[in-house]
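Side chains are part of it too, since the values below use all heavy atoms of this structure and drop only hydrogens, waters and symmetry mates. Positions are given from 1, in the same order as the sequence printed here.
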Amino acid sequence: MPDTVRSLTTSGLTPKKQVQCWTDALTDLCGRFDVDPMDASSLEARVNYTTVSRLKLCQIEVSQHRIAHLSARSKLNDHPYIKILFQTHGISYFEQDGRHFELVPGDCLAYDVSSPHTIISPSLTRHEVVIVPKALLQERGFRSARMPACKLSARSGTGRIAYDFVHAAFSEASRLSPYNAMGVADSLIDLLLLPLREAETTFNHGGAEATYIRAQFFIREHLRDPDLCIDQISTALGCTKRYLHMLFSERGMTVSDYIWRARLQHCREELEAQPGKTITDVAFSWGFSSSSHFSRVFRKYFGIVPSAVHRQQQAGATAEFSATSD
């Protein structure tokens, strides 16, 4: 079933309960933070949020406040997210690792939630936010344990395209099938990374990184092709196989490893999203040519057999159908 847009507001609560409510809401979205209304008599806050595959999309409005993730809580596993924040109203002041940014409407901020930081908004602000699990970025070559915060423009160019896509994805999230949501999420992540790559914050090695990024895009566009191989990739990119091997080996994998990992991830997502499909159909649609090979590498990568995922999703679909039929 498509994800619906959920809402939460602090309106009507006592000041103390407003702070607690907002703290709990942030914890559910991306981790524990300290919330301070900064001497204001109340904390008027509202969030509408939904999911598109593994992404969380939020529209947030908050009165004067300060939020902080303190160094005492700085554990990578507690906040395993990158946040892409589009400022749409008001002014905010962001600080992290000695970097200070003033955010006004039209600005975009990308930062690592796991690293200690503070955001101060002296008056009403509105943001549109995408919360991205780090695992999704690592699949696309994101190697740094902690990404330095980066301020970008969403007024034009790739930043504006990314913002428009985020806004449209949020509006249409409830109408997307689980399968279409996966495709939208993939496209959204790639769009969000474009301005970051232009700013050379995520990748900073010039030609080698550019070739690696092009290789990633080519692989993802041809994942369903069972004949996808390094010869095909090197020909398309105009580089040698040896050079491609070097680019991927520097990241701890072979080209083949990257292809099979990407295929396995898509297979699992499809098994979870479409319980009506057979395991063989899913495997073959993503470039596998042997059911036994697929099951073997699936178990090695995820620690469970694909039939276990399939049975679980079929049971959930059957229970949901029974509930709606009663």
Side chain to side chain contact (heavy atoms under 4.5 Å, CB included) between Leu188 and Val52, intermediate numbers included: CA-CA 10 Å; Leu188 181 52; Val52 175; 5.7 Å; no
Cation over ring face, Arg268 and Phe302, 6.0 Å, 45°: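 Relative to the ring axis of Phe302, which defines the angle, Arg268 lies inside both limits.
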Cation-aromatic face contact Arg224/Trp286, 6.0 Å, 45 degrees: yes
Distance from [X] atom [atom1] to [Y] atom [atom2], nearest 0.5 Å?
X: Tyr49; Y: Leu8; atom1: OH; atom2: CG; answer: 6.5 Å
X: Gln20; Y: Thr14; atom1: CD; atom2: OG1; answer: 10.5 Å
X: Lys134; Y: Ile82; atom1: NZ; atom2: CD1; answer: 5.0 Å
X: Thr51; Y: Leu176; atom1: OG1; atom2: CG; answer: 10.0 Å

Listed partners of Glu172 passing salt bridge (charged side-chain N to carboxylate O under 4.0 Å, His left out), at least two apart: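 Counting only residues at least two positions away or on another chain, Glu172 forms a salt bridge (charged side-chain N to carboxylate O under 4.0 Å, His left out) with Arg175.
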Given Tyr93, Phe101, Tyr111, the one that forms ring-ring contact (aromatic ring centres under 6.0 Å, His included) with His117: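 Looking at Tyr93, Phe101, Tyr111, the match for His117 under the ring-ring contact (aromatic ring centres under 6.0 Å, His included) is Tyr111.
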When you measure from the side chain of [X] to the backbone of [Y], do you find a donor-acceptor pair of N or O atoms at a distance under 3.5 Å?
X: Ser7; Y: Asn48; value: no
X: Glu44; Y: Ser63; value: no
X: Lys277; Y: Leu271; value: no
X: Gln96; Y: Ser115; value: yes
X: Asp107; Y: Val104; value: yes
X: Arg263; Y: Leu223; value: yes

Residues Glu269, Arg54; criterion salt bridge (Lys or Arg N to Asp or Glu O under 4.0 Å); working and verdict: CA-CA 10 Å; Glu269 290 177 354; Arg54 289 186 281 171; 3.0 Å; yes
Tell me whether [X] shares a hydrophobic cluster with [Y], the cluster being built from Ile, Leu, Val, Met, Phe, Trp, Tyr side chains joined at under 4.5 Å.
X: Val132; Y: Leu191; value: yes
X: Tyr243; Y: Ile219; value: yes
X: Trp22; Y: Leu13; value: no
X: Ile67; Y: Ile91; value: no
X: Val297; Y: Val305; value: no

Below 4.5 Å, heavy atoms only, C-beta onward: do [X] and [Y] meet side chain to side chain?
X: Thr88; Y: His127; result: no
X: Pro306; Y: Phe294; result: yes
X: Val5; Y: Phe170; result: yes
X: Ile120; Y: Arg66; result: yes
X: His69; Y: Val113; result: no
X: Ser187; Y: Phe165; result: yes
X: Val129; Y: Ile84; result: no
X: Arg46; Y: Ile60; result: no

Please tell me whether [X] and [Y] have a donor and an acceptor in their side chains that are separated by less than 3.5 angstrom.
X: Gln87; Y: Ser92; result: yes
X: Thr254; Y: Asp257; result: yes
X: Thr9; Y: Ser11; result: no

Residues Leu228, Phe218; criterion side chain to side chain contact (heavy atoms under 4.5 Å, CB included); working and verdict: CA-CA 10 Å; Leu228 178 63; Phe218 184 87; 4.0 Å; yes
Remaining members of the apolar cluster that contains Met182, side-chain heavy atoms under 4.5 Å: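 Besides Met182, the hydrophobic cluster comprises Tyr179, listed by chain and residue number.
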Centroid-centroid distance, Trp260 to Phe288, less than 6.0 Å: yes
Phe248 ring center within less than 6.0 Å of Tyr212 ring center: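 Close enough - the centres of the two rings lie under 6.0 Å apart.
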Test side chain to side chain contact (heavy atoms under 4.5 Å, CB included) applied to Ser121 and Val62, step by step: CA-CA 8 Å; Ser121 300; Val62 196; over 6 Å; no
Evaluation steps, salt bridge (Lys or Arg N to Asp or Glu O under 4.0 Å), between Asp190 and Arg220: CA-CA 11 Å; Asp190 290 334; Arg220 290 185 175 277; 5.6 Å; no
Can you see which heavy atom on [X] is nearest to which on [Y], and at what distance?
X: Asp28; Y: Lys56; value: O-NZ, 3.3 Å
X: Thr23; Y: Arg32; value: CG2-NH1, 3.3 Å
X: His89; Y: Leu124; value: CD2-O, 3.5 Å
X: Val19; Y: Val35; value: CG1-O, 3.7 Å
X: Ala181; Y: Ser53; value: O-CB, 3.8 Å
X: Leu43; Y: Gln64; value: CD1-O, 3.8 Å

Set of residues satisfying side chain to side chain donor-acceptor pair (under 3.5 Å) with respect to His222, sequence neighbours excluded: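 None.
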Atom CZ of Arg299: over 12 foreign heavy atoms under 6.0 Å: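 Atom CZ in Arg299 is not crowded, with 12 or fewer foreign heavy atoms closer than 6.0 Å.
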Electrostatic pair Lys83-Asp112, nearest N-O below 4.0 angstrom: no
Intermediate values then yes/no, side chain to side chain contact (heavy atoms under 4.5 Å, CB included), Lys151 and Cys108: CA-CA 6 Å; Lys151 176 182 170 180; Cys108 172; over 6 Å; no
